[in-house]
Protein chains: 2
Amino acid sequence: MESLRLREPTSSLQGEIRAFVLGKIVGGEWAPGARVPSETELVARFGTSRMTVHHALKALTAEGYLRRVKGLGTFVAPPRAHVLHARLTDVADEIAERGGRHRCEVLDHDVRCASAAEAALFQLPPGERLLHARLLHFENDTPLQIEDRLIDPARVPGVEDLDPAAESYFAFLMGKVPYPAGRAVVRAVMPPMETRFLLRMGPEEPALEVERVTRAPDGAVLTVARLIYPGTRYVLSGEIAPPVGRAGDIAGDDE
Amino acid sequence: MESLRLREPTSSLQGEIRAFVLGKIVGGEWAPGARVPSETELVARFGTSRMTVHHALKALTAEGYLRRVKGLGTFVAPPRAHVLHARLTDVADEIAERGGRHRCEVLDHDVRCASAAEAALFQLPPGERLLHARLLHFENDTPLQIEDRLIDPARVPGVEDLDPAAESYFAFLMGKVPYPAGRAVVRAVMPPMETRFLLRMGPEEPALEVERVTRAPDGAVLTVARLIYPGTRYVLSGEIAPPVGRAGDIAGDDE
DNA sequence: GCCTGAAACTTGCCTATACAAGCTGGATTC
DNA sequence: GAATCCAGCTTGTATAGGCAAGTTTCAGGC
């Protein structure tokens, strides 16, 4: 309901310059690829020091609106692909946010030797020990999610002593590695009979499956989770925005 | 396959400070909520000027790793929800990237008066003119997507003269409003017979549906698109990373 | 004990200057 | 004509100083 970019901070000089440039860009006045006034020109226009202009433009560059080339100038960035930013939260938190009551049933919980496929996924030698858990999450006694998870216990100390019904693996892992990386795949599937039964799904009801690989900052796979939701009771949603780059990636010419 | 945060730019002084702080955070040495050395302390440690430290910390704040409070200090940001960053590209581009051949069939193409529900979606008075199009996209003669789209022609001049088979609405809209905002919802559905037939789906095959509302920067709804994919032929995937905030949002305490 | 106010700390922002490094275009030279 | 070099533009980075504004703490006065 709220329109985004409306409350731009024009209280500061940087904010004024930022609003000016961003306005020209999103308003379409400066087309992608067009040259933006140089720092010197903006200094003359706004009467500020060059550093002030520089930081305003640098911020817009980090956000993906501008592309700057040393020696050449500043340009409106080509419109890159849009990106869906969807939050992936703990089921318990998500339910709590809606004011619901969360409960969790443990379906499976064992330590087993990694199969060939699992070992490849974790980039470990086959036969390595892996913790496997399968949990059924309820919202107000209605099943909402099956969590099928593999964890490398060697990389997550203490995880073998965790009681999944008391503390979620998501929260536990979050505590151990607060800033993980990884990839996720979202697909529509027709789950097998047992899954349909556990989630109390209708005869023709599809499921939304989120498969998630979580890595430590050093690249090692910590956990692989398959989250299965009934299609009529769960949707994934998020905002759409241009992709944003980290400060370290500015130098990277990815095309 | 590539591990992220490894190639941090330590070539500059800012990069050194950034790498030092970020390393402590992702390494778990500084837990969320912990106090980060003040700018003055880091100045003493690295022997740089305060502005250098300031900009390094400010960048990490914009990326969501730190939280800074004027008068109090700098703290490791609480681990916020992870965010799935999934690219939403033009079908034609996506197919071209895979080296496939793209073709498009127009199923419906008309201008009609908005129903009550549609008018509410677009925040327009009922009965307003809306362009409606329904397209079937093929990859190498295999149907991959049904695009069901509504557009407000008053906000997108020239769209009524567009031939959807020649230029995609996605590309056309991108040219008109390069930096749109909006929301998207992803769900698993069991589509009706006609859709199943058009997409040549199996008898029990579910579909992945992406519903997308695109707004102009001023908040007005430009287009609503429903994209339907066969569940066995399409997945949505993306990277997982902490949410990133725009520079303008730093002041916003969202909790 | 309680309130007040000043001091000391924090971050936010701006200025002015300086040097490095990269690109462009034109004058010079061969 | 073609290659070369240099002046003049661009951005990237760092420095040193200053003021504003917010929080905490503690001493002093009531």
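Just the heavy atoms: all of them, side chains too, but no hydrogens, waters or symmetry mates, feed the values below. Chain identifiers are assigned alphabetically (A, B, ...) following the order of the sequence lines, protein sequences preceding nucleic acid strands; residue numbering begins at 1 within each chain.
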Pick one: which of Arg101(B), Arg98(B), His102(B), Arg103(B) meets side-chain hydrogen bond (donor to acceptor under 3.5 Å, both in side chains) with Glu139(B)? Arg98(B)
Do the side-chain N and O atoms of Glu94(A) and Thr89(A) include a donor-acceptor pair separated by under 3.5 angstrom? yes
Whole-Å distance between dT10(D) P and Phe75(A) CZ? 11 Å
Separation of dT10(C) P from Leu66(B) CG (nearest whole Å): 16 Å
Ring centre gap for His137(B) and Tyr229(B) strictly below 6.0 Å: no
Nearest whole Å is fine: how far is dG12(C) P from Arg67(B) CZ? 12 Å
Does some side-chain heavy atom of Thr223(A) sit less than 4.5 Å from a side-chain heavy atom of Tyr169(A)? no
For atom CZ of Arg35(B), is the number of surrounding heavy atoms from other residues, nucleotides or ligands below 6.0 Å larger than 12? yes
Measure CZ/Arg18(B) against C1'/dG12(D) and give the value in whole Å, please. 16 Å
Write down the distance between NZ (Lys58(B)) and P (dT11(C)), rounded to a whole number of angstrom. 14 Å
Expressed as a whole number of angstroms, how long is the span from Glu41(B):CD to dC9(C):P? 11 Å
Letter per nucleotide, 5' to 3', of nucleotides 14-20 of chain D [B base touched, S only sugar-phosphate touched, - untouched; heavy atoms, 4.0 Å]: BBBBB--
Give a yes/no on whether any side-chain N or O of Thr40(B) is located under 4.0 angstrom from OP1 or OP2 of dC9(C). no
Under-4.0 Å side-chain N/O to phosphate OP1/OP2 contact, Arg68(B) with dG12(C): yes
Quick one: sort the Tyr65(B) and Tyr179(A) rings into parallel, tilted or perpendicular, breaks at 30° and 60°. tilted
Can you measure Arg35(A) atom CZ to dC9(D) atom P for me and round it to whole angstrom units? 12 Å
His54(A) NE2 to dT10(D) C1': how many Å, rounded? 12 Å
